[in-house]
Amino acid sequence: MKKLGAEFYEAPTLVLAERLLGKIFVHREASGRVTRGRIVETEAYLGEGDEACHAWRGMTERNRAMFGPPGTLYIYFAYGCHYLANIVSEPEGVAGAVLLRAMEPVEGVEWMRERRRKVDERALMSGPGKLTEALGLGPAHYGESLSGEICWLEDAPDLPPELIGASPRIGISRSAALPWRRFVTGSPHVSKTQIGAPSKKRKKGIGK
DNA sequence: GCGATGATGAACT
DNA sequence: GTTCATCATCGCA
């Protein structure tokens, strides 16, 4: 498999979101353990005109990686429980990134199971928080370049258009109508979370 | 099988 | 204080 070069990532975010489907994400730890996953679900986040994007109001300490060079990782901590990984797109200076939402385990399933604790293979990477845990990605990889020796992508044939599905993004409330989610139609490894029913207001426990 | 909810931390108003 | 680009679990069917 051929490692994708930096030029692959310098593309409009929505275009990159589609091109990433089918590609192989690789993480090689210092210990030598290698894990590979095939990307089957993504979401595009743009700095301009997208209120769900962390960078829509400008650069902050947290989101500065989204303005950086394309082909780097933007990783952040969400909900107090999970790290989510994005691949930065667009030319340097323009905010944009593609959220990795789901993958199909390809190699290193044993390490994934160890990190995720006994779960069936379908649940190993079928969600953005799950796949970062399975791959062993975390804050240490913030801003990491995909042209380096730790994380990278390997090429794979582009998917035929009829296999690429589109829908609104999941789990957001601002700019929720934009159909910027992309996924491999029929893949059992796509996250199952449903988009419809935006459960009204999350009730916060008052007296705890 | 399915929907609702707590956990838990950091950024933002 | 409120809001999250979430996940696992519990309760009900």
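Quick note on labels: first sequence line is chain A, next is B, and so on, each numbered from 1. Every value quoted in this text rests on a predicted model; they were computed, and no experiment measured them.
- The separation between A:Asn63 atom CG and C:dA5 atom P is 12 Å, rounded to whole Å.
- Rounding to whole angstrom units, CG of residue A:Asp50 and P of C:dA5 are separated by 10 Å.
- Near-neighbour residues of DNA chain C inside residues 84-95 of chain A, defined by a heavy atom below 4.0 Å, number-ordered: A:Leu84, A:Asn86.
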Can you run through DNA chain B from 5' to 3' and write each base as (, ), [, ], | or . depending on how it pairs? Watson-Crick or G-U wobble, both distances under 3.5 Å. |||||||.||||.

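- The side chain of A:Thr60 contributes no N or O atom lying less than 4.0 Å from OP1 or OP2 of B:dA11.
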The test is side chain to side chain donor-acceptor pair (under 3.5 Å); show your working for A:Arg182 and A:Thr42 and say whether it passes. CA-CA 5 Å; A:Arg182 293 290 181 276; A:Thr42 61; over 6 Å; no

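- Between A:Ile172 atom CD1 and C:dT3 atom P there is a gap of 16 Å when expressed in whole angstrom units.
- Atom pair A:Tyr76:OH and C:dC4:P shows a separation of 11 Å (rounding to whole Å applied).
- Across all strands, A:Gly129 comes closer than 4.0 Å only to sugar-phosphate atoms, never to a base (heavy-atom distances).
- If you measure from atom CH2 of A:Trp56 to atom P of B:dT13, you get 8 Å, rounded to the nearest angstrom.
- Among the atoms of the strands shown, none is found under 4.0 Å from any heavy atom of A:Met125.
- Minimum atom distance to the side chain of A:Arg57 is reached by B:dC12, of the listed C:dA5, C:dC7, B:dC12.
- A:Tyr83 meets the ring pair (Phe, Tyr, Trp, His ring centres under 6.0 Å) test with A:Phe77; sequence neighbours excluded.
- B:dA7 has no stacking from A:Tyr79 on its base ring, since the centres under 5.5 angstrom apart and planes within 30 degrees of parallel are not both found.
- The CZ-C1' distance, from A:Arg174 to B:dT13, rounds to 10 Å in whole Å.
- Side-chain contact check for A:Thr13 versus A:Trp180: every heavy-atom pair is 4.5 Å or farther apart.
- In this entry the distance linking CD1 of A:Ile75 with P of B:dG9 reads 19 Å, nearest Å.
- In this structure, A:Lys130 atom NZ and C:dA5 atom C1' are separated by 15 Å, rounded to whole Å.
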